[in-house]
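Just so it is clear, the structure is predicted and the values come from calculations on it, not from any experiment.
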Amino acid sequence: MNLDAIKQVYLIGIGGIGMSGLARYFKHLGCEVNGYDRTETELTKTLVKEGISITYLDDVNSIDSIFHQPAAATLVIFTPAIPKDSKIKAFLNLRVMYCIKDHKYSVSLVKVGLQLR
């Protein structure tokens, strides 16, 4: 995976400390960053203030339309805590080339990307 090719990132479980850090990282790179979490917290409120769109409904209609079309430039990252029957996860899984299950792996990927720059 070429990190420079990624233009859109969707984080499922964005409210955790690791996932929110990834959201900020990709936003800093200039990516369109959106996410889902089941609970609004001070951390998710801060992310929204930073320009990251977050939904709290596990509903496909709550996903921004840019994530509705299949795209090689889209990365989806989700935590293992997300239920298998998540509608958002199932929907995005079918539309992206890169889908990473564990944010810890994503952090390693980002570190490799940083070393390559």
Side-chain angles (χ1 to χ4, degrees):
M1 175 188 314
N2 179 357
L3 286 179
D4 292 327
I6 301 300
K7 303 297 178 206
Q8 302 164 173
V9 181
Y10 199 97
L11 296 105
I12 307 172
I14 196 169
I17 194 70
M19 294 286 272
S20 62
L22 288 171
R24 286 180 168 130
Y25 171 76
F26 283 108
K27 183 75 174 172
H28 175 75
L29 291 181
C31 296
E32 177 66 32
V33 179
N34 285 210
Y36 159 80
D37 207 278
R38 69 176 182 207
T39 307
E40 184 179 45
T41 64
E42 289 304 315
L43 183 53
T44 58
K45 289 176 186 177
T46 301
L47 292 173
V48 169
K49 288 178 186 173
E50 293 172 7
I52 297 170
S53 179
I54 300 175
T55 182
Y56 303 98
L57 301 171
D58 188 15
D59 179 357
V60 172
N61 295 318
S62 68
I63 300 171
D64 191 296
S65 61
I66 65 167
F67 292 95
H68 282 241
Q69 301 300 319
T74 300
L75 171 64
V76 174
I77 305 169
F78 63 94
T79 67
I82 300 300
K84 291 182 181 182
D85 63 348
S86 166
K87 295 176 183 99
I88 288 178
K89 183 172 83 171
F91 179 80
L92 291 174
N93 235 348
L94 298 174
R95 286 166 176 74
V96 298
M97 183 172 288
Y98 303 112
C99 192
I100 299 174
K101 178 178 181 180
D102 191 339
H103 72 281
K104 292 175 188 165
Y105 174 76
S106 317
V107 171
S108 298
L109 182 67
V110 167
K111 286 179 183 173
V112 169
L114 287 172
Q115 292 169 358
L116 296 176
R117 290 177 190 265

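In this structure, CD in Gln8 is found 8.5 Å from CG in Asn34, a value given to the nearest 0.5 Å. Rounding to the nearest 0.5 Å places CD1 of Ile52 at 9.5 Å from CD of Glu32. Within the model, atoms CE of Met19 and CD1 of Ile12 stand 7.5 Å from one another, a figure rounded to the nearest 0.5 Å. For the atom pair SG of Cys31 and OH of Tyr10, the computed distance is 15.5 Å after rounding to the nearest 0.5 Å. Atom-to-atom distance recorded for Ile88:CD1 and Ile82:CD1 is 9.0 Å, nearest 0.5 angstrom. Atom CD of Glu40 is separated from atom CG of Leu47 by 11.0 Å, given to the nearest 0.5 angstrom.
The existence of a salt bridge linking Glu50 and Lys27 is excluded, since no basic side-chain nitrogen approaches an acidic carboxylate oxygen closer than 4.0 Å.
Following chains of ILVMFWY side-chain contacts shorter than 4.5 Å, one can reach Ile14 starting from Tyr56, so the two form part of one hydrophobic cluster. Side-chain heavy atoms closer than 4.5 Å link hydrophobic residues (I, L, V, M, F, W, Y) into clusters, and following such links, possibly through other members, connects Val60 to Leu92. Hydrophobic clustering (side-chain heavy atoms under 4.5 Å, transitive across Ile, Leu, Val, Met, Phe, Trp, Tyr) groups Val48 together with Tyr25. The hydrophobic clustering, which links ILVMFWY residues whose side-chain heavy atoms are closer than 4.5 Å, places Phe91 and Val76 together. In the hydrophobic clustering of this structure, Ile77 does not group with Leu43; members are Ile, Leu, Val, Met, Phe, Trp, Tyr whose side-chain heavy atoms approach within less than 4.5 Å, directly or through other members.
Using a 4.5 Å heavy-atom threshold, the side chains of His68 and Ile63 count as touching. For the pair Phe26/Leu11, no side-chain contact is recorded, criterion being any heavy-atom separation below 4.5 Å from C-beta on.
In terms of heavy-atom proximity, Asp37 sits nearest to Gly15 at OD2-N, 2.7 Å. What you find for Ala73 and Ala5 is that their closest heavy atoms are CB-O, 3.3 Å. Nearest heavy atom pair, residue Thr41 against residue Thr44, reads N-OG1, 2.7 Å.
With hydrogens and angles disregarded, no donor-acceptor distance shorter than 3.5 Å links the side chain of Thr79 to the backbone of Gly13.
With 3.5 Å as the limit, one finds no donor-acceptor pair spanning the side chains of Ser86 and Tyr36.
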